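Structure first, then comments.
Lettering follows sequence order; numbering is per chain, from 1. The shown structure was predicted, so the numbers you read here are calculated from the model rather than taken from an experiment.
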There are 2 protein chains.
Amino acid sequence: MLLSKSCVYGLRASLYLAAREQGEFIPIRNMSDKLEISFHFLTKILQQLTAEGILESFKGPNGGVRLTREGSEIQLIDIVLAIDGPQLLTECALGLPGCGVKNPCPLHDKWAETRDAIHEMLEKTTLTELVRKGKAENLRLTTDGGFDILFEN
Amino acid sequence: MLLSKSCVYGLRASLYLAAREQGEFIPIRNMSDKLEISFHFLTKILQQLTAEGILESFKGPNGGVRLTREGSEIQLIDIVLAIDGPQLLTECALGLPGCGVKNPCPLHDKWAETRDAIHEMLEKTTLTELVRKGKAENLRLTTDGGFDILFEN
DNA sequence: CCTATTTTGGATAAAAGAGTCTCAATAATG
DNA sequence: CATTATTGAGACTCTTTTATCCAAAATAGG
């Protein structure tokens with residue numbers, strides 16, 4: 001699995017938040033229902049994103065979480081690094097510690113290129129960009145149903 | 001982790017085999033010592049590669065494993081798919097089942113491109129190519145020490 | 001035929017990832 | 001002040017991955 005499940009859930013939730021009114025605190029239960037993710041598990045993941053400063057939270061009635069920045073200023077890489085950690089995009093393909101330009105493995109160069117391609121994609125893609133695309137084409141963020149139904153009622 | 005540890009070990013072992021005389025059966029213990037991988041664990045991994053037809057094995061004294069094809073005809077992708085399975089390079093970045101051109105998630109297109117880049121790299125790279133590079137530049141296949149010391153005595 | 005060497009396969013154990021549950025802390029509202 | 005809604009934090013369970021161990025099968029060589 002390229003991305004951990006936590007990371008995948010974190011991305012889905014972040015997209016959901018970016019698609020909602022900015023500034024509004026969204027209860028996690030609300031998100032877990034819509035996105036069909038276990039409430040408690042999602043809570044854990046969002047706590048990480050809060051700790052990393054990507055989200056901010058508010059307790060009590062009318063509480064919830066929201067993005068600290070605009071969706072257009074949050075790249076996918078921010079979420080991936082916050083959850084899966086930077087090793088994901090720096091590790092050696094052969095698992096050798098300290099593999100780098102100075103002391104590489106035979107696969108280092110090619111692998112570094114590949115990792116860079118992943119990094120670049122994640123770095124260039126913003127939440128807002130995906131939300132726009134999702135809305136325009138009614139793409140899904142969940143197993144069944146399109147983008148729209150996430151925001152009904 | 002992009003590749004599982006099993007997969008990483010499988011790659012290292014395959015490179016080791018490709019670097020040795022073709023046709024010769026190499027005992028797994030020999031490899032596990034040189035590559036500093038747990039013997040029993042490596043055994044399990046190589047059994048998978050044998051089952052997938054990438055290796056063949058021979059029991060008893062002077063037994064061991066060897067590549068079924070020449071190293072120049074084995075691509076990294078063969079090993080990765082045999083161990084981590086094809087899902088690795090087909091799964092949706094948001095974890096949605098059945099995500100594809102017909103019913104995509106907002107990230108599908110970009111993710112597919114990224115996966116293709118990984119796939120292409122793994123597909124274009126052969127064991128022999130890496131072995132040649134490793135030998136030429138004395139690169140390492142293990143934590144310490146270069147390529148050469150793997151094949152002393 | 002016996003012994004040593006080696007893979008095979010299954011059982012088991014330990015560690016990490018995924019998921020659940022409970023209780024405390026915070027805050028709004030009547 | 002009591003009630004209710006919500007996040008925070010920790011303990012706990014389940015599953016998968018990683019790792020270890022052992023007995024069985026195959027085979028070479030004396």
Side-chain angles (χ1 to χ4, degrees), chain A residues 1-13 17 20 24-68 80 82-85 87-88 91 94-95, chain B residues 1-13 17 20 24-68 80 82-85 87-88 91 94-95:
Chain A
M1 211 174 338
L2 296 183
L3 301 178
S4 71
K5 255 178 154 188
S6 296
C7 189
V8 162
Y9 291 159
L11 287 170
R12 298 238 306 271
L17 287 172
R20 306 256 335 217
E24 185 189 7
F25 282 104
I26 313 286
I28 300 177
R29 174 125 264 147
N30 185 322
M31 272 191 276
S32 66
D33 286 351
K34 296 281 191 178
L35 297 174
E36 300 166 317
I37 299 172
S38 143
F39 166 70
H40 291 290
F41 193 34
L42 184 57
T43 293
K44 280 250 171 86
I45 296 162
L46 298 188
Q47 275 171 20
Q48 287 184 67
L49 292 180
T50 303
E52 295 284 335
I54 293 170
L55 303 184
E56 55 193 347
S57 64
F58 190 79
K59 286 179 189 169
N62 310 321
V65 297
R66 68 180 177 198
L67 301 173
T68 49
V80 171
I83 297 176
D84 277 348
Q87 324 79 295
L88 185 72
E91 274 174 341
L94 301 184
Chain B
M1 209 175 337
L2 295 184
L3 301 178
S4 72
K5 246 173 158 194
S6 296
C7 189
V8 162
Y9 291 159
L11 286 170
R12 297 237 307 271
L17 287 172
R20 305 252 340 214
E24 185 188 8
F25 282 104
I26 313 285
I28 301 177
R29 174 127 265 147
N30 185 322
M31 274 191 273
S32 67
D33 286 351
K34 296 282 191 177
L35 297 174
E36 299 167 320
I37 298 172
S38 143
F39 166 70
H40 292 289
F41 192 37
L42 183 58
T43 291
K44 285 270 145 70
I45 296 162
L46 298 188
Q47 274 172 20
Q48 286 184 69
L49 292 180
T50 303
E52 295 285 334
I54 292 170
L55 303 184
E56 53 192 347
S57 65
F58 190 80
K59 287 178 189 170
N62 309 321
V65 297
R66 69 180 176 196
L67 301 173
T68 50
V80 170
I83 298 177
D84 277 348
Q87 326 78 294
L88 186 73
E91 273 173 343
L94 300 184

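A distance of 9.5 Å separates CG of Leu3(B) from CD1 of Ile83(B), quoted to the nearest 0.5 Å. From His40(A), atom NE2 reaches atom CD1 of Ile28(A) across 11.0 Å, with rounding to the nearest 0.5 Å. To the nearest 0.5 Å, atom OH of residue Tyr9(B) and atom CD of residue Glu36(B) are 10.5 Å apart.
In this structure, Ile28(B) and Gly60(A) both approach DNA chain C, and ranking their closest nucleotides by distance from the 5' end singles out Ile28(B). Annotation: of the two residues near DNA chain D, Ser57(A) and Pro61(A), the 5′-most nearest-nucleotide partner is Pro61(A).
One atom, CD1 of Ile83(A), and another, C1' of dG17(C), lie 14 Å apart when rounded to the nearest Å. Look at CG on Leu17(B): it is 14 Å from C1' on dT7(C), rounded to the nearest Å. We find that CD of Gln47(A) is positioned 16 Å from P of dA18(C), with the value rounded to whole Å. Atom-to-atom, CG of Asp84(A) to P of dG17(C) comes out at 9 Å; the value is rounded to the nearest Å. Atom-to-atom, CG of Leu55(B) to P of dT7(C) comes out at 11 Å; the value is rounded to the nearest Å. Across the protein-nucleic acid pair, Arg66(B) atom CZ and dT7(C) atom C1' stand 14 Å apart, rounded to whole Å. Gln87(A) places its CD atom 13 Å from the P atom of dA16(C), with the value rounded to the nearest Å.
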Would Arg29(B) and Thr43(B) count as a side chain to side chain contact (heavy atoms under 4.5 Å, CB included) here? Give the steps. CA-CA 9 Å; Arg29(B) 174 127 265 147; Thr43(B) 291; over 6 Å; no

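Arg20(B) has its side chain within reach of Asn30(B): a pair of non-hydrogen atoms, C-beta onward, lies under 4.5 Å apart.
Heavy-atom distances under 4.0 Å link DNA chain D to Ser38(B), His40(B), Phe41(B), Lys44(B) of residues 37-46 of chain B, given in residue order.
Ser4(A) contributes no side-chain N or O that, together with a main-chain N or O of Asp84(A), makes up a donor-acceptor pair within less than 3.5 Å.
Not one side-chain nitrogen or oxygen of Lys59(B) sits closer than 4.0 Å to the OP1 or OP2 atom of dT5(C).
Within the nucleic acid shown, Phe58(A) comes within 4.0 Å of sugar-phosphate atoms alone, with no base atom in reach, counting heavy atoms only.
Taking a heavy-atom distance under 4.0 Å as the criterion, the stretch of DNA chain D touched by chain A extends 5' to 3' from dT4(D) to dA11(D).
Evaluated for a side-chain contact (heavy atoms from CB on, under 4.5 Å) with Leu67(B), the options Leu55(B), Ile26(B), Leu49(B) yield exactly one hit, Leu55(B).
Between Glu56(A) and Arg66(A) there is a salt bridge, with a side-chain nitrogen of the basic residue lying less than 4.0 Å from a carboxylate oxygen of the acidic one.
Relative to the axis of its first five pairs, the axis of the last five pairs of the helix from dC1(C)-dG30(D) to dG30(C)-dC1(D) sits at 10°, rounded to 10 degrees.
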